[in-house]
Every structure is written in structure tokens, then in C-alpha cells.
Amino acid sequence: MRSSLKRTLTISAAALSFVSASGLAMSASASKIKQVGSTNLEPTTAYIRNYKATGSNAIYNKPGKLSGSKVVASASTAKAQSVLRGYKVAKMSNKSYYMKVVSFDGRYRGYIYVGKKNPVNNFKKVGGGLTYLSTTTSTSLTNNDKKDLSFAKPGTDTQIYKAPKGSQYKVGAAVKDTTDYKGHKLVASKAAMNDMDGQKWLYVSDVTEPTNASGWVLASQLTDYVAPKAPVSVGNDQTTVTKNWQREFYNPATGTKAYSFDNLNLPLLGTSGGSNVNWTTAVKKFNSDATVKGDKKDVVPADTLATAFKNSGLSTVYMKVTPTLLARIPGGLLDKIDSYSGLYMKFDLDMDNIPTTTHYGDQLKLAYKLDNTNLYYKPVISLGGLTNTNADGYAALPVQLNAMNTLWGLLYQ
């Protein structure tokens, strides 16, 4: 019995000696692998450092071959994470690389093996336990996206993000409450699909406050913009234009616009009192337009003023420069018949010369630019498409600039 016990103790001691020797050998082998480099990755590349774990490698608190490394997340746990953000690279003495990653929810953080090639050279091509993951895909703006937009339901449920929600690590909302931007006009410049949930996002800018309200908004939270109706001014102050007007021309001496105070008078051509039916009619119509009548303290909206100019015929005026062939009352039937017997100069209203702030009841002096390359006439009929008329019903007769200047000089002797 003593002999048997002795043999057992001898075998156990030998086995223990072997295990101890093996452990020492393994420990010695592990201790030979060192970390020989570390690189903190630049923030500018953050958007292309999103990864999915392959399930082949675990995440460790330090590069896995180093002494004292422990598992932070098993290979299966790592694979279950939706997205991992890489932000640091460690190089080992055995020429392998580990990337330090963090899960988007911040729950897991540590090192995972990424192969024998330095991922810094190409963040989209990593090996080992990670594979590159695209979180968003750029797409084209549709015709509906290109329309003027606004928030469908502004408030805390509709936020403006620095990147489509959930597509980048720790990138949240730029504006958490859009209540203040209710009814504002938004313009989209980019579109993207969030590959994490399949939803479409638009990058929009507030036309009024682009600095404060620009960023990514869920497309489903946007709707077509409806311009607010301007308040109707109540009053009897009629906005008018003077019968005198200014001709705009280019002053080569100053390199800027200049104006001459003209009143279309055609004494050489024998028109009645120097009046011009198109101009006179347009002025009368504007000066009785109820849309530009209101209270003196109120400002006429720019679009209201522009529409009134257009509707009255003041936006573009065709001034007759040939003699009247039939005796007439300006604006009467004979004058209308005679409109087909003459030549006209075309004048376009310079809206930039209109005061920025026009109150109801103001009297305006208009400025016009002469089309000095054409005279115009009104054809009775279009000869099989040979006569090309413009939207105003006039056809152009090209003339040389010097000839037009000579004619203009004769009219204003």
C-alpha cells in the first residue's frame, strides 16, 4: 500500500511539474508580445469609422495578447451590437493590429483584433473582427424635395440633427425644439437614406434664419410651404405714380446707372398734347387700383406692388413714336384701331429703382430702361408663322444702336 501511494504521489508531482512548466512556457510566450505603437484617430475621419462586428473576435479591455487583458464583450455579444465606432489603433510586436471601439450606446468599449494590415491606411477595409458599415447613403433630391418646405408639426418631436439620427456616434440634435420656426420657409440642399432604419432625411436651411436652423430633418416631418397672407391694410390712401418718368441709361463716366427726367413728348409727330395712349392708360389704371389703396402708416408689400405694376401695364410700356394717322380721342376707339399703324419703343420698368419701403398713398416716379436694339409694331395677323410676336402681342424690328439714338434725339429736341 505504501508502494502504491508512493507511486501515486510521484505521478502527481510529475504531472504538476509538467503543468507548471507548460504554464510558464505559455506565460513566457505571451509576455513576448508587446504593444509597439498607438494612434489616436483624427475626428475628421469619424464618419467613415463605423463598423459591424463579424462575430469572430471578442472585445478586450486591452489588446488581446497583452498580459492582464480581459474580455469586455464576447464575440457573439460584439456581433449583436448595431454599430461600433473605431477611434484608436494599437500595433503589436507580432505585426497584428487592434482597434479600440465603442458601441453607439456606450455600453461596450475596448480593443478588437483587425488583422495584419494597419487600418489607418484604409478605414473601409479592415479585417479580423470588424467589417465596414455604411450608416447613410446619399440620394438625389426629388421634385417634391426641391419645393419650398416647412415643418409639418414644429415642436420637440420635430428636431434638427447634425447628422441623420442614429447614424453617427454621439451626434445629436442641433435644434431640440422647432416651435420658433413654425411657418418658416425651408430649402433642402441634400438628401440621404439612413441605412440603419431605412428612413429618408433632408438637409434643410431656414431661409430667414439659416445660421440658427440648418441641418438634417426626417423627410416625413416636412410639408409644402404655404406663404402667409399679408394683412390687408384698411384705408383710403391711394398709391399713385406721376405722369413724369425717368429714362435709365448707363453713364460711362461713372460706370453706374444714371437717369434723365423725361416726359414722353412727341411734338415733332403732332400727337395730341404730347400724350401717349399706352402710358396714359397704364398710369390711370394703376392710380385707381384698389390693391394699392390702404392706410398711410402701412407698407405696401413688394409683391403686391409688383403685381399692380404688371396688371396696369406699367411693367413694360410700348411708347408710340410714329404720327397718328387718324384724328382721335386718346384711348378711344379710333386710337385702338390706329395702334396697328405705328411703330413703338419698348421700355421696361426698373424695379430696383422703386423705394424699398413704399407706404400706401405714396406717389412714385418710375424709371425705365429703353430697348435700344429694336422698334416694335403690332401685326394685324401672323403670316403663317413668319411674324413672331412676343407675349405682349408686339413684333420686333431690329435697328442699329446709332439709328435708335438718332431717333431718340429727334424726339427730345
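Computation of the quantities below employed the complete heavy-atom set of this structure, encompassing side-chain atoms and omitting hydrogens, waters and symmetry-equivalent molecules. Counting begins at 1 with the first residue of the sequence.
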Can you confirm if the NZ or CZ of Lys91 lies within 45° of the ring axis of Tyr97 and under 6.0 Å from the centre of its six-membered ring? no
Do Asn374 and Lys346 have side-chain heavy atoms sitting under 4.5 Å apart? no
How would you list, by chain and number, every residue that makes a side chain to side chain donor-acceptor pair (under 3.5 Å) with Ser205, sequence neighbours excluded? Ser214
Residues which pass side chain to side chain contact (heavy atoms under 4.5 Å, CB included) with Ala73, listed by chain and number, not counting sequence neighbours: Ile59, Thr77, Tyr108
Do any N or O atoms from the side chain of Arg85 and from the backbone of Val102 form a donor-acceptor pair under 3.5 angstrom? no
Which heavy atom of Asn50 sits nearest to which heavy atom of Ser167, and what is that distance? ND2-O, 3.8 Å
Contacts under 3.5 angstrom, residues 234-241 side chains, donor-acceptor by atom type, not counting sequence neighbours:
unit_1, atom_1, unit_2, atom_2, d
Asp237, OD2, Lys296, N, 2.8
Gln238, NE2, Asp289, O, 3.0
Thr239, OG1, Val292, O, 2.8
Thr239, OG1, Gly361, N, 3.3

Counterpart residues, side chain to side chain contact (heavy atoms under 4.5 Å, CB included), relative to Ser288 (two or more places apart): none
Test side chain to side chain contact (heavy atoms under 4.5 Å, CB included) applied to Ser96 - qualifying residues, sequence neighbours left out: Met92, Asn94, Tyr98, Tyr113, Lys116
Tell me, do Ser38 and Lys88 make a side-chain contact under 4.5 Å, heavy atoms counted? yes
Determine whether a donor-acceptor pair (N or O, by modelled atom type, separation under 3.5 Å) exists between the side chain of Tyr169 and the backbone of Gly106. no
Run the side chain to side chain donor-acceptor pair (under 3.5 Å) test on Asp177 and Thr179 for me, step by step, so that the C-alpha distance in whole Å, both residues' side-chain angles and the decisive distance to 0.1 Å come before the verdict. CA-CA 6 Å; Asp177 188 343; Thr179 301; 2.5 Å; yes
Is the distance between the ring centroids of Trp279 and Phe347 under 6.0 Å? no
Quick one: does Asn194's side chain have a donor or acceptor within less than 3.5 Å of a partner on Gln199's backbone? no
Would you confirm whether Thr139, through its side chain, and Met193, through its main-chain N or O, come within 3.5 Å as a donor-acceptor pair? no
Please enumerate all residues that pass side chain to side chain contact (heavy atoms under 4.5 Å, CB included) together with Lys285, with sequence neighbours excluded. Ser312
Sub-4.5 Å side-chain heavy-atom contact between Tyr225 and Leu149: no
In terms of side-chain heavy atoms, does Tyr376 have a donor or acceptor partner in Asp371 at a distance below 3.5 Å? yes
Keeping the roles fixed (side chain from Thr242, backbone from Lys365), state whether a donor-acceptor pair exists under 3.5 Å. no
Using salt bridge (Lys or Arg N to Asp or Glu O under 4.0 Å) as the criterion, list what pairs up with Asp145, not counting sequence neighbours. Lys200
Check whether any side-chain N or O of Thr178 sits under 3.5 Å from a backbone N or O of Pro154 as a donor-acceptor pair, and report yes or no. no
When you check the side-chain N and O atoms of Lys146 and Asn143, is any donor under 3.5 Å from an acceptor? no
I'd like to check Leu364 versus Thr358 (side-chain heavy atoms, cut-off strictly below 4.5 Å). Are they in contact? yes
Determine whether Asp206 and Asn212 make a side-chain contact, defined as any pair of heavy atoms from C-beta on separated by less than 4.5 Å. no
Tyr181 meets the ring pair (Phe, Tyr, Trp, His ring centres under 6.0 Å) criterion, sequence neighbours left out, with His184
Mind checking what makes salt bridge (Lys or Arg N to Asp or Glu O under 4.0 Å) contact with Asp148, not counting sequence neighbours? Lys185
Side chains of Leu141 and Leu202: closer than 4.5 Å at any heavy-atom pair? yes
Look only at the side chain of Asp392 and the backbone of Tyr394, and say whether a donor-acceptor pair between them is shorter than 3.5 Å. no
Quick one: list whatever passes ring pair (Phe, Tyr, Trp, His ring centres under 6.0 Å) with Tyr87, sequence neighbours left out. none
Passes side chain to side chain contact (heavy atoms under 4.5 Å, CB included), Thr135 versus Gln168? Steps please. CA-CA 8 Å; Thr135 57; Gln168 298 297 332; 3.4 Å; yes
Do side-chain atoms of Tyr51 reach the backbone of Phe123 as a donor and acceptor pair under 3.5 angstrom? yes
Are any of the side-chain heavy atoms of Glu248 and Asn353 separated by less than 4.5 Å? no
Got Asp105 and Gln81 here, is their nearest side-chain heavy-atom distance under 4.5 Å? yes
Classify the ring geometry of Phe286 against Phe309: parallel below 30°, tilted from 30° to 60°, perpendicular beyond 60°. parallel
Partners meeting side chain to side chain donor-acceptor pair (under 3.5 Å) with Asn390 (sequence neighbours left out): Tyr318
Spell out, as yes or no, whether a donor-acceptor pair under 3.5 Å connects the side chain of Ser315 to the backbone of Lys310. yes
With sequence neighbours excluded, give me every side chain to side chain donor-acceptor pair (under 3.5 Å) pair touching residues 122-134. Ser134-Asp195
